[in-house]
Amino acid sequence: MEIDVSTERAGELGVQALAIPFFKGETADGEFTNQLDETTKNLIRSTVEAEELTGKEGEMVYLYLGANGESQDARPQRLLLIGAGEREEYKAAHASNLAGAAARFLRGKNVKSIGFMPRGGSNGNASDDGASSYISASVEGVILGMFDTDKYRTSDREERSIERLVIIDAGDGEAGREAAQRGRVVGEAVNFARDLANEPGLYMTPTVMAERAQGIADEYKLEIDVLDHERMEAEGMGALLGVARGSVEPAKLIVLKYTPEGYEAKEGAPLLALVGKGLTFDSGGISLKPGENMEQMKYDMCGGAAVLGAMRAIAQIKPSMPVLGVVPSSENMPDARAIKPGDIVRAMNGKTIEVINTDAEGRLILADALGYAKKLGATHLIDLATLTGAVVIALGDVNVAVLGTDQKLINDIIAAGTEVGEKYWQLPLDKEYSKQIKSDIADLKNIGGRKGGTITAAAFLKEFAEDTSWAHLDIAGTAWSDDAKPHRAKGPTGIAVRMLVNLVERYARDGMK
Ligand code: BES
Ligand code: ZN
Ligand code: ZN
């Protein structure tokens with residue numbers, strides 16, 4: 001998709017359709033309406049007067065203005081007005097959703113080129129402070145809106161696409177162009193993560209996941225190291241290798257590192273590590289899952305995919321702080337050699353774990369990945385995982401659960417998420433919960449019973465983050481969407497990529513302390 005930023009008047013962009021958010025309370029003869037009506041020949045005024053258009057969130061009014069005939073008139077033929085709700089509540093995250101919804105709607109009309117007016121900034125004119133974030137979010141929204149999960153269909157595929165997007169910038173265009181570029185980078189990174197998640201386990205093995213990481217490293221100049229079985233054995237990663245035993249696909253521990261150009265780490269400089277569960281298929285292992293919905297377990301690598309997506313964006317945005325990405329990748333399969341309930345494994349940090357249920361494998365592979373991130377010098381850890389079914393019960397598909405030992409990190413994650421339209425909800429992690437994961441014969445057991453399943457999983461991980469500042473995100477409910485939204489297809493959501501990129505940008509700007 002070609003993306004332009006234009007400071008031309010809305011009527012002179014040479015696009016087939018114009019999409020414009022419309023706020024509640026905008027009147028038929030308001031300044032904005034009048035300005036636009038120079039292009040649309042009073043159509044908006046009459047639409048508002050007829051109460052066809054009220055600005056209610058989610059509302060869509062589509063007007064076909066007619067062909068332009070043979071003239072070279074740059075006037076758009078179609079106008080899509082999208083309800084944006086109250087102006088005071090209109091944030092960049094709304095612009096993203098509206099732009100995505102507009103793009104999906106107009107694609108359905110076989111429109112190839114659209115103009116979008118983000119209407120950011122305090123007076124709805126994209127020229128003042130904060131307008132850049134609306135421009136970035138709009139581009140991102142259109143890119144996310146164009147993602148489909150039909151790549152393996154040979155018929156009934158969505159073949160239509162928006163080929164050109166023009167963002168209307170009321171500023172001088174320069175900041176707008178930079179913001180649009182950032183929006184493209186982030187949107188493509190989210191879709192990269194969604195694409196990995198959408199792949200079936202047959203194709204998305206740990207080896208392939210490592211190859212995809214290699215692709216990012218080559219293209220965007222990141223350091224990469226992929227640990228194979230032998231090296232993981234030498235590191236003492238008995239928990240990760242225990243999970244991998246039941247699979248013929250060799251496990252990989254993928255490590256990506258972004259370092260700003262000319263960066264020299266000062267004594268005590270923070271190093272943030274993003275650690276993502278990359279379980280490419282979770283059958284449950286010997287504690288086999290029921291058959292119903294087992295196909296969904298191809299997306300048990302969404303945490304890892306989010307880390308790869310975030311690293312891909314970070315490599316292009318080039319923030320002024322280093323970031324480590326660590327993805328333990330394995331299958332969880334039942335096999336004659338597979339780990340069995342009752343087995344004991346020893347993690348890299350020396351702690352012994354009694355494996356009561358082989359289906360609680362995510363925490364096992366993360367235990368060693370956290371250990372390795374610490375070994376590489378991480379001072380702050382954020383892990384992401386489709387870790388528990390319990391979080392789906394607790395928070396549904398709306399909020400990500402966040403738990404951890406560093407309240408500042410947790411607060412920053414919640415705030416960074418809110419800015420990009422992702423919701424994070426903190427669950428408690430009192431030390432009492434740790435009793436549930438004490439084993440009779442080893443240091444720990446890998447399940448804590450029915451009570452507080454998401455919390456006891458986090459309590460388990462805490463044993464491996466140890467005293468390093470740490471937050472854990474359980475994305476089992478939010479990584480996948482069962483229904484399509486106006487702004488996006490159903491399927492993988494790419495949850496957490498945008499939050500992580502935003503968080504890193506904030507830390508690079510304001511410092512981590
Ligand atoms: N990958 C699953 C968690 C999951 C469940 C993700 C549903 C997405 C949707 C994880 O490995 C798992 O199986 N967890 C078990 C833990 C239990 C055995 C303590 C669970 O939540 O049932
Ligand atoms: Zn499992
Ligand atoms: Zn799992």
Side-chain angles (χ1 to χ4, degrees), residues 197-198 201 204 206 209 239-240 242-247 249 251 275-306 327-334 338-343 353-369 383-401 403 427 433-434 436-439 444-461 472-482 491-493 495-496:
N198 191 47
M204 189 49 57
M209 217 169 164
L240 202 167
V243 172
R245 279 183 68 93
S247 171
E249 293 291 341
V275 181
K277 173 180 176 184
L279 212 291
T280 57
F281 187 75
D282 184 7
S283 71
I286 297 297
S287 313
L288 196 65
K289 286 181 181 294
E292 199 177 313
N293 296 329
M294 204 205 270
E295 75 284 357
Q296 292 179 359
M297 284 302 121
K298 69 174 187 176
Y299 84 74
D300 211 16
M301 34 58 73
C302 282
V327 179
S329 188
S330 173
E331 280 187 341
N332 185 23
M333 298 290 277
I339 198 168
K340 299 170 283 291
D343 283 350
I353 306 160
E354 185 186 7
V355 178
I356 303 291
N357 188 320
T358 64
D359 198 10
E361 83 300 337
R363 60 198 79 182
L364 296 174
I365 68 170
L366 286 169
D368 281 332
D383 81 74
L384 301 81
T386 47
L387 203 62
T388 64
V391 82
V392 190
I393 307 299
L395 300 175
D397 61 4
V398 178
N399 276 277
V400 175
L403 308 93
L427 297 182
Y433 292 105
S434 297
Q436 286 173 244
I437 50 162
K438 284 224 157 70
S439 160
L444 298 163
K445 56 181 178 181
N446 77 331
I447 60 169
R450 275 173 50 77
K451 296 176 184 166
T454 301
I455 300 174
T456 52
F460 182 91
L461 294 176
H472 157 66
L473 310 176
D474 195 331
I475 58 170
T478 46
W480 200 268
S481 169
D482 290 335
T493 61
I495 186 76

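Atom set for the values below is all heavy atoms of this structure, side chains included, hydrogens, waters and symmetry mates excluded. Atoms within a ligand are numbered from 1 in the order they appear, just like the ligands themselves. Keep in mind that what you see is a predicted model, and the values were worked out from it rather than measured.
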#### Entry: Closest protein heavy atom (residue, atom, distance) for atom 22 (O) of ligand 1
Gly389 N, 4.4 Å
### Task
State the atom name: nearest N, O or S atom of Asp300 to the Zn ion (ligand 3).
OD2
### Query
What residue and heavy atom of the protein are closest to atom 14 (N) of ligand 1, and at what distance?
Leu387 O, 3.4 Å
### Message
Assess, by modelled atom type and distance only, whether the side chains of Thr454 and Thr388 contain a donor and an acceptor separated by less than 3.5 Å.
### Response
yes
### Query
Do Ile353 and Arg363 have side-chain heavy atoms sitting under 4.5 Å apart?
no
#### Entry: Identity of the N, O or S atom of Glu361 lying closest to the Zn ion (ligand 3)
OE2
### Message
Could you report the tightest heavy-atom contact between Met333 and Ser283, atom names first, then the distance?
### Response
CA-OG, 3.4 Å
### Task
May I have the angle between Asp359 OD1 and Asp282 OD2 with its vertex at the Zn ion (ligand 2), rounded to 10°?
100°
### Query
Has ligand 1 got any nitrogen or oxygen that is less than 3.5 angstrom from a nitrogen or oxygen of Thr388?
no
### Protein contact to atom 19 (C) of ligand 1 [nearest heavy atom, distance to 0.1 Å]
Ile447 CG2, 3.3 Å
### Task
Determine whether Glu331 and Glu361 make a side-chain contact, defined as any pair of heavy atoms from C-beta on separated by less than 4.5 Å.
no
### Query
Among all protein non-hydrogen atoms, which one is nearest to atom 7 (C) of ligand 1, and what is the separation to 0.1 Å?
Met297 CE, 3.8 Å
### Task
Write down the atom of Ile495, the atom of Ala306, and the distance for their closest heavy-atom approach.
O-CB, 3.7 Å
#### Entry: Minimum-distance protein heavy atom relative to atom 12 (C) of ligand 1
Asp359 O, 3.2 Å
### Message
Is there a polar contact, in the sense of an N or O pair closer than 3.5 Å, between Lys277 and ligand 1?
### Response
yes
### Close side-chain approach of Lys451 to Thr456, heavy-atom, < 4.5 Å
no
### Message
Suppose we only count N/O/S atoms under 2.8 Å; would Lys277 qualify as near the Zn ion (ligand 3)?
### Response
yes
